[in-house]
Amino acid sequence: VTTAGDYAVGLFASSSGDAAYVTSIGNITTSGDNANGIAAYGAAYVKVISVGNISTKANDTEAIIAVSENESVKVSVSGTLSTAGGDADGIFAYAQDNSAEVVAQGLIQVTGLDSVGINAFGKEEIEVDAENVRATGKDGYAISAISDTSTAAVTVRGSVLGGYDGGKGGGHKQGGA
């Protein structure tokens, strides 16, 4: 999947009353502002599985964004994710009233200003399991894992470049994408 133009999302799933699921096995490239590679929004459970590579090249453009209002979020990635614009996270996983889990077995590389390799946050437990994450842009983070009320756990099986921000009670770039 290749898109060009602002708001031209590669794959999109949304449910206002139920779960949202996305499974992607191919490569995705976007080049416009606010043109996420994969975007999944749901009132209930949100699950994204991606085994291909995702590349975004503009501002405010996540490789993967997964947001749930009431249930948990799970993102599982085995390909390479890369973003080049400002405020463009590799993975943005937000569970407003529940837990979030991110498993990233490939390389995640973000190079833009204020971009986060893996940005996972929510009300309950947050778990991040990552291989290799690089954030080389100014004011960027490699991994941010934030829980409002519970634990935030990060496991790194490879290398991290660009720092780490974790803990409880709010954090870097909260509020949505």
Side-chain angles (χ1 to χ4, degrees), residues 10-11 22-24 28 30 36-41 45-57 59-68 72-96 98-148 150-177:
L11 297 176
V22 174
T23 300
S24 173
I28 300 170
T30 70
N36 302 310
I38 295 175
Y41 303 92
Y45 184 68
V46 173
K47 183 175 185 178
V48 175
I49 299 171
S50 176
V51 297
N53 301 323
I54 301 174
S55 174
T56 67
K57 301 175 192 281
N59 295 322
D60 300 312
T61 304
E62 276 64 51
I64 296 174
I65 182 169
V67 177
S68 173
S72 61
V73 169
K74 181 167 185 176
V75 177
S76 179
V77 176
S78 60
T80 296
L81 306 181
S82 63
T83 68
D87 197 26
D89 298 346
I91 297 172
F92 181 97
Y94 175 49
Q96 179 176 325
N98 214 301
S99 60
E101 178 184 359
V102 174
V103 177
Q105 296 175 334
L107 170 65
I108 298 175
Q109 174 135 358
V110 297
T111 59
L113 172 71
D114 196 32
S115 296
V116 181
I118 298 173
N119 193 0
F121 58 100
K123 184 174 183 179
E124 296 183 12
E125 298 85 13
I126 305 300
E127 294 182 34
V128 174
D129 187 327
E131 286 287 332
N132 296 297
V133 184
R134 298 180 189 150
T136 57
K138 184 175 187 259
D139 297 328
Y141 287 89
I143 299 171
S144 178
I146 308 293
S147 170
D148 289 336
S150 190
T151 60
V154 175
T155 302
V156 177
R157 301 182 190 286
S159 64
V160 171
L161 173 66
Y164 164 83
D165 176 31
K168 265 179 132 173
H172 184 67
K173 257 188 65 178
Q174 287 201 13

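Bear in mind that the values here come from a model prediction, so they are computed numbers and not experimental data.
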Chemist: Determine whether N53 and L81 make a side-chain contact, defined as any pair of heavy atoms from C-beta on separated by less than 4.5 Å.
Modeler: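 With C-beta onward as the side chain, the pair stays apart.
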Chemist: If you measure from the Lys or Arg side-chain nitrogens to the Asp or Glu carboxylate oxygens, is any gap between D114 and K138 under 4.0 Å?
Modeler: no
Chemist: Taking all heavy atoms of A135 and all of A142, pick out the closest pair and write down the distance.
Modeler: CB-N, 3.7 Å
Chemist: Establish, from distance only, whether the side-chain atoms of D89 and S115 form a donor-acceptor pair under 3.5 Å.
Modeler: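 No pair is found: no donor N or O on one side chain lies under 3.5 Å from an acceptor on the other.
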Chemist: If you measure from NZ on K74 to OG on S72, what distance do you get to the nearest 0.5 Å?
Modeler: 9.0 Å
Chemist: Which atom pair, heavy atoms only, marks the closest approach of G86 to N59?
Modeler: N-OD1, 2.7 Å
Chemist: Can you find a heavy atom in the side chain of T30 that is under 4.5 Å from one in the side chain of N36?
Modeler: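 No, every pair of side-chain atoms sits at 4.5 Å or beyond.
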Chemist: To the nearest 0.5 Å, tell me how far I91 CD1 sits from I64 CD1.
Modeler: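 Answer rounded to 0.5 Å: 5.0 Å.
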Chemist: To the nearest 0.5 Å, how far apart are CG in N98 and NZ in K123?
Modeler: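 N98 atom CG to K123 atom NZ measures 9.0 Å (nearest 0.5 Å).
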Chemist: Side-chain contact, heavy-atom cut-off 4.5 Å: K47 with V22?
Modeler: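 Heavy-atom side-chain distance check fails, nothing below 4.5 Å.
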Chemist: Search all heavy atoms of G90 against all heavy atoms of V110 and return the closest pair with its distance.
Modeler: N-CG1, 3.5 Å
Chemist: Hey, could you give me the CD/OG1 distance between E127 and T155, rounded to the nearest 0.5 Å?
Modeler: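 Rounded to the nearest 0.5 Å, the CD-OG1 separation comes to 8.0 Å.
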Chemist: Do the non-hydrogen side-chain atoms of Y41 and I65 ever get within less than 4.5 Å of each other?
Modeler: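 A side-chain contact under 4.5 Å exists here.
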Chemist: Ring centroid separation for F121 and F92, is it under 6.0 angstrom?
Modeler: yes
Chemist: Looking only at non-hydrogen atoms, find the nearest pair between A120 and V102 and report the distance.
Modeler: CB-CG2, 4.1 Å
Chemist: How many angstroms lie between atom OG of S24 and atom CD1 of I54, to the nearest 0.5 angstrom?
Modeler: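 Nearest 0.5 Å value for the OG-CD1 distance: 6.0 Å.
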Chemist: Are I38 and S50 side-chain neighbours, meaning at least one heavy-atom pair lies under 4.5 Å?
Modeler: yes
Chemist: Would you say the side-chain atoms of T83 pair up with the backbone N or O of A88, donor to acceptor, closer than 3.5 Å?
Modeler: yes
Chemist: For I118 versus A104, what's the shortest heavy-atom pair and its separation?
Modeler: CD1-CB, 4.1 Å
Chemist: Answer yes or no: is there a side-chain heavy-atom contact under 4.5 Å between L11 and I28?
Modeler: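 L11 reaches I28 side chain to side chain.
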Chemist: Main chain of V73, side chain of S68: is a donor-acceptor contact present, judged purely on distance under 3.5 Å?
Modeler: no
Chemist: Of all the heavy-atom pairs spanning V128 and A145, show the shortest one and how long it is.
Modeler: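 V128 and A145 have their closest heavy atoms at CG2-CB, 4.1 Å.
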Chemist: With no hydrogens and no angle check, is any side-chain donor or acceptor of S147 less than 3.5 Å from a backbone partner on E124?
Modeler: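 Side chain of S147 to backbone of E124, a donor-acceptor pair under 3.5 Å: yes, one is there.
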Chemist: Please tell me if the side chains of I126 and T151 come closer than 4.5 Å, counting only heavy atoms from C-beta onward.
Modeler: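 Answer no - side chains too far apart.
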Chemist: With heavy-atom distances below 4.5 Å as the criterion, would you say the side chains of I143 and V160 are in contact?
Modeler: yes
Chemist: As an exercise, state the distance from CD1 of I108 to CD of E131, rounded to the nearest 0.5 Å.
Modeler: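 I108 atom CD1 to E131 atom CD measures 10.0 Å (nearest 0.5 Å).
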Chemist: Please confirm whether the backbone N or O of S159 pairs with a side-chain atom of N132, one donor and one acceptor, at under 3.5 Å?
Modeler: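 Yes; judged by distance alone, with no hydrogens or angles, the pair exists.
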